[in-house]
Structure formats: structure tokens, C-alpha cells
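Convention: sequence-line order gives letters A, B, ...; per-chain numbering from 1.
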Amino acid sequence: MLKLFNSFSSSTEDFIPFEKSLVKIFICGPTVYDYTHLGHARIFLTYDLLSRCLNDQGLRTDVLVNMTDVNQNVFNKAKETSTTYKDVAKFYASAFVKDLEALNIQSINRLAYVSDYVSNIEKQVLTLIQKQVAYMAHGNVYLDISKVKNYGTISHQTKEQLSMHRLDIGPGKKNPEDIMLWNCTEDFDFSWKSELGEGIPWWHMQDTAVAIENFGKNYDIHGGARELLYPHHEAHLAQYQLLSGSDVPVKAWVHVGLVLSGGEKMSKSLGNVVWIKDLIKKYDQNLTRLYVFSKHYRDDIDFSEQDLLAKKPLLDLIQFAKSNVSDKTHEDISNLIDDFVQSLSNDLDSPMALRTLEKICIEVRNGKGINQNDFNRICEILGIIP
RNA sequence: GGUGAGGUGGCAGAGUGGCUAUGCGUUCGCCUGCAAAGCGAAUCUAUAGGGGUUCAAAUCCCUUCCUCACCUCCA
């Protein structure tokens, strides 16, 4: 039984999917206006590990990633490079896919481009207006937060705290924290004509539309970086609840820690961004995976090349074990493999699992046997190809 | 201010009540004409401070101090 920490309840819970043997996962994907960095990649590596663990337990996974191509950053990039937003999106989306492939991330089976869902977004926003939970003000459409039960639960904020945020400052908003759904007032050189007026479908509503169109009224896991907790996931849940009619449309909210570099958050202005395309030129995906998984997914990682290289001895041990598989697995090793799987089942405790893996390899080096199937199983779960 | 996560040797970084990993570094040896690399070995009075629970605490509880992230577009 897999246990996962659920941000909604702030506790580690037994994970039970809506359907018996199928787990539907939505991951907040990239805004496709630049290359993929290690922070992005860690997200997808984490859910790849999660998927592999679920697969190992006999569950199928259906992993959906939305590609944000309707976004000011994408529009700006298009302007800078004198192309269309579609071209910008296409270029960076294909770079993203290439980077994920290089990291042996195979669990994602649906990529959804937001621009393909604009009419769905329009339809859903109209539904929210009909339900009288959304309203128009000075051309924009907002979600009326006062109509949402439990708003603030995921980010642990009270009504008073929420009221101190002034999101999407605009005239005519009923509450300062009301969420923009459709933006008609800003000019981005791109817009969509709709019953809501000519404008842009706004951020939070994009993911909701993509998820509903693909998964229907509920799904099992919503994933993304921890920084998306507020306002993005709070808004997504509110919209999803109102549209699906379900109070709990998502079983578990699973958030991944940030990747820092030099003790600070990666940013282009600080010049400390670690791009995947550069990283995989120097190190293979095995080492990158072992490095990322050596920290618990909910902790932040302060990237250093030295720490990444420090995983090389473990990789060497694994490679030694690979070339020394035998026909029978020793009972001690069998027990250790159980521990390995058990650690991962405990809220994806990969640091502990890797320690156990190290023990396994050392036992193999000491002459205890591991058979090909058992060895392959471990590699398959971790996604490494020694 | 609110929320969340932390403080482990010279540095990085595991450890989820019972001989504390591992890597880097440092030292020595092997190898080499010398060095580097590689291999082998050794090494470091480490668990933020103070209380408590326990036969036993890095690990559980209380407390003080400190750090980081998020709360605005961000993965």
C-alpha cells in the first residue's frame, strides 16, 4: 500500500485511487517559452518514479501534462523573435520532450496544449457564470471566492490572510482575492474571440479545462512544484469543485520541493540555472536520477555538481551488481529488496531506498546472489539503465 | 506577519529509539623516471544551545537561537 503526503490534509495518507487499478495523474507542465531546467525536470522525475512504483504494484497510470502555450511569456518571446506564439511553443515543447526522453522519463502519456482547449475554457467559464459563482467586471471574468467552500485549505490560509492578497488587480472585483478566469483588458497582440469578449483565457482556468476534458469529474493525483500551491492549485481546486460538483475531485495533492543553486532559487537573472540540455551532455541520466532521488522529493535540493558526482560510486556498485547477477537471489538480498520497495511506498522515501540499494550491491559484491529479474525490477523502478 | 521545511565532522550529505552511511578533502601506500589519473588503506573530540521522556535519543517531547523557501509571474 502506497502512502503519500497530501497537501490538502497535511498528512500522509494511504493512497487509494478512484478506480481500482488505474491511477490518473495530472502534472502542471511547463510554460513553453524557454528550455527545461533541473527544477522542471525534478518534477517529472519525481512523478516518473511514482508511476514506476505504482506500475510495480500492478497499477496502471495515466499521466497528463499540460503545456502552457497561452501565456504572456510565450507571447513576448514570439514578439522578440518575430515568430508566432505557436512556433515558440512548438520549438520549446519539442526541446522539453527531448530533455525528458534523455532522462528516461517514459510515464507521461498525454501532453495537452492549452491553445487546443480555448473553446473548452470558454464553455466552462460560461458554466461558472451561469452557476453564479463567476461574474464579469469591466470586461474581465472573475471567480467569486466567497462562493467556494474550504478555499485556502491547500495553502493553509484563513479568510483574513487570503483577503490580504490582491491578485489580478482590476476594477469591479467583488473580493480582492477573486481569481481571474478570462482577461479582456490587457493587450498581448494575441486574443481569442468568445462570448466572454475578445481576450485571453487566464492561467488557473487553463489547467482546469485541460484536466476536466481529459479526466472528467475526478482524478487521483495532482502534482507540481510546491510554489504552485498558492494561488494556482487553490484556484484550480475551487474551479474543479464548482464544475464537477464534487467536493473532493482530486484524491491527493502532491508537491515537490524546489531545486536551488548556490543556495538560491534558480533564475536567469542570477545566472544559476542548470539546464537539462547542458547537464545531460556531461552526465548520463542514471547519475542524474540517483542524484535527484538521493533527496526526498518534498525537500529542497541545493544543486551542486560535486554532490551529483558523489553518486558515481553508487552507480559503479550498481554496474558491478549488473555484471554479477546469478540464477538465484539470496534470502538476505530478497529481504533487502522488500525494504527497498517498502521505503518507496512510504511517501516515496527514495533516500532510504537508495541506501538499501547500496546495501544490496555490497552484499552482491560480498558474494550473495541476485537474479536477473530482481535486479531488473530495481532498475525498472528507478528508471536507471546501467 | 502567515505557512511549510530545516540546523549532522574541514565541506557536502544520509540516518524516521539500540554497532552512525557515503562522497569530497586530508594523510600514507601501490603504481610511475617524476607527476597526474587509477587502485588500496588510514584519518577527522560532528548531531545548533538548554531542558525532558527512556535501560538507550541525531532520531520522540518542550524551549531558546538561527537558516531557507513560499505567500506577486515562476517548476
Side-chain angles (χ1 to χ4, degrees), chain A residues 3 5 7 10 12 27-47 65-68 71-76 96 99 152-169 176-177 180 186 202-204 207 223-234 255-270 273-274 276 287 290-291 293-317 342-343 346-347 349-359 361-362:
Chain A
K3 288 182 194 300
F5 184 88
S7 301
S10 290
T12 305
I27 310 173
C28 281
T31 303
V32 278
Y33 71 105
D34 210 335
Y35 290 103
T36 316
H37 61 58
L38 185 58
H40 301 115
R42 184 189 188 193
I43 304 291
F44 301 100
L45 282 169
T46 300
Y47 298 105
V65 172
N66 73 310
M67 305 292 274
T68 306
N71 172 281
Q72 192 171 355
N73 290 320
V74 181
F75 298 154
N76 288 346
F96 171 74
D99 286 342
T153 305
I154 301 182
S155 54
H156 306 106
Q157 296 183 86
T158 62
K159 279 217 151 40
E160 293 70 43
Q161 286 162 4
L162 285 163
S163 68
M164 283 154 71
H165 301 300
R166 295 185 61 81
L167 304 169
D168 312 314
I169 296 169
E177 67 272 32
M180 187 184 272
E186 286 176 89
W202 213 238
W203 183 31
H204 311 304
D207 290 13
R226 206 181 46 225
E227 67 184 351
L228 296 179
L229 262 168
Y230 184 83
H232 188 51
H233 289 166
E234 205 73 72
H255 289 100
V256 181
L258 300 179
V259 178
L260 313 178
S261 174
E264 293 180 279
K265 191 168 161 175
M266 283 190 196
S267 73
K268 276 184 273 185
S269 55
L270 283 169
V273 179
V274 180
I276 292 303
L287 208 55
L290 291 177
Y291 171 61
F293 296 156
S294 69
K295 262 281 198 185
H296 191 267
Y297 77 89
R298 285 194 280 126
D299 293 339
D300 290 347
I301 294 181
D302 190 359
F303 174 81
S304 89
E305 206 158 326
Q306 210 179 39
D307 289 353
L308 185 141
L309 283 168
K311 299 299 151 204
K312 186 76 170 55
L314 176 58
L315 184 57
D316 291 342
L317 270 175
Q342 192 52 46
S343 294
N346 179 21
D347 194 28
D349 190 349
S350 52
M352 186 72 112
L354 288 186
R355 251 197 104 167
T356 306
L357 175 57
E358 187 180 22
K359 281 187 202 160
C361 294
I362 288 170

Write down the partner of U3(B) under the Watson-Crick or G-U wobble criteria, each distance required to be under 3.5 Å.
-> A69(B)
Euclidean distance for P, A35(B) against C30(B) (whole angstrom) | 11 Å
Pick base, sugar-phosphate or nothing for Lys311(A), based on heavy-atom distances below 4.0 Å to the nucleic acid.
-> nothing
Could you state the NE2-P distance from His255(A) to G4(B), rounded to the nearest angstrom?
-> 14 Å
Here the gap from Thr36(A) atom OG1 to Ile276(A) atom CD1, rounded to the nearest 0.5 Å, amounts to 7.0 Å
Remember a base hit wins even if backbone is also touched, and classify Val256(A) as base, sugar-phosphate or nothing at under 4.0 Å, heavy atoms.
-> nothing
For C39(B), which nucleotide is its Watson-Crick or G-U wobble mate, given both distances must be under 3.5 Å?
-> G29(B)
Could you check whether Asn346(A) gets within reach of a base, just the sugar-phosphate, or nothing at all, counting any heavy atom under 4.0 Å?
-> base
Distance between the C1' atoms of C68(B) and G9(B), in whole angstroms?
-> 22 Å
Residue Asp302(A), side-chain heavy atoms: nucleotide from A69(B), G13(B), A5(B) that is nearest = G13(B)
U72(B) OP1/OP2 closer than 4.0 Å to side-chain N/O of His165(A) | yes
Given G23(B), A69(B), A21(B), the nucleotide with the shortest approach to the side chain of Pro313(A) = G23(B)
Could you check how far NZ of Lys359(A) sits from P of C19(B), rounded to whole Å?
-> 13 Å
Rounded to the nearest Å, what distance is computed from the CH2 atom of residue Trp202(A) to the P atom of nucleotide U72(B)?
-> 16 Å
Could you pick out which residue, Gln306(A) or His40(A), lies toward the 5' side of RNA chain B when each is mapped onto its nearest nucleotide?
-> Gln306(A)
Between Asp316(A) (CG) and G23(B) (C1'), how many Å, whole number?
-> 12 Å
Pairing nucleotide - A58(B), Watson-Crick or G-U, each distance under 3.5 Å | none
Taking atom CE of Met352(A) and atom OG of Ser350(A), what is their separation to the nearest 0.5 Å?
-> 11.5 Å
Under 4.0 Å from any atom of RNA chain B, heavy atoms only: list the residues of residues 223-231 of chain A that qualify, in numerical order.
-> Ala225(A), Arg226(A), Glu227(A), Leu228(A), Tyr230(A)
From Leu38(A) atom CG to Leu260(A) atom CG, the distance as rounded to the nearest 0.5 Å | 10.5 Å
Pairwise C1' distance for G1(B) and U47(B), with rounding to whole Å = 32 Å
Considering Watson-Crick and G-U wobble pairs with both distances under 3.5 Å, what does A12(B) pair with?
-> U22(B)
Considering only atom P, compute the distance from C44(B) to U22(B) and round it to an integer number of Å.
-> 14 Å
Name the nucleic acid region contacted by Glu160(A), choosing base, sugar-phosphate or nothing; use a 4.0 angstrom heavy-atom cut-off, strictly under.
-> nothing
To the nearest Å, how far apart are Glu358(A) CD and A21(B) P?
-> 11 Å
Check every strand shown and say whether Met164(A) touches a base, only sugar-phosphate, or nothing at a heavy-atom separation below 4.0 Å.
-> nothing
Determine, using ring centers only, whether Phe96(A) and His40(A) are less than 6.0 Å apart.
-> no
Length of the line joining Asp300(A):CG and U3(B):P, which is rounded to integer Å = 19 Å
Between U27(B) and G4(B), how far apart are the P atoms? Round to whole Å, please.
-> 47 Å
Determine the Euclidean distance between corresponding C1' atoms of C11(B) and U43(B); express it in Å to zero decimal places.
-> 15 Å
A14(B) versus U53(B) - spacing of their P atoms, nearest Å | 32 Å
Between A75(B), G13(B), G15(B), which one does the side chain of Arg355(A) approach most closely?
-> G15(B)
Is any side-chain heavy atom of Leu354(A) closer than 4.5 Å to a side-chain heavy atom of Lys311(A)?
-> no
Once you round it to whole Å, what is the distance between P of C73(B) and CD of Glu186(A)?
-> 11 Å
Inter-residue atom distance Tyr230(A).OH - His156(A).NE2, 0.5 Å rounding | 14.5 Å
What distance separates Met180(A) CE from Glu186(A) CD, expressed to the nearest 0.5 Å?
-> 6.0 Å
Inter-nucleotide C1' distance (C66(B), G50(B)), Å rounded | 15 Å
Atom pair distance, as rounded to whole Å: OH in Tyr291(A) and C1' in A14(B) | 14 Å
Choosing from A75(B), C73(B), G13(B), which nucleotide comes nearest the side chain of Met266(A)?
-> A75(B)
Among the candidates A75(B), G15(B), C71(B), find the nucleotide nearest to the side-chain atoms of Gln157(A).
-> C71(B)
Taking only side-chain nitrogens and oxygens of His156(A), does any of them come within less than 4.0 Å of OP1 or OP2 of U3(B)?
-> no
How many angstroms lie between atom CG of Leu228(A) and atom CD of Glu234(A), to the nearest 0.5 angstrom?
-> 12.5 Å
Report yes if at least one side-chain N or O of Ser10(A) is closer than 4.0 Å to OP1 or OP2 of G4(B); otherwise report no.
-> no
Mate of U45(B) where both pairing distances stay under 3.5 Å, Watson-Crick or G-U = none
With under 30° as parallel and over 60° as perpendicular, where do the rings of Phe303(A) and Tyr291(A) fit, or are they tilted in between?
-> perpendicular
Examine the side chains of Gln157(A) and Ser155(A) and answer whether a donor and an acceptor come within less than 3.5 Å of each other.
-> yes
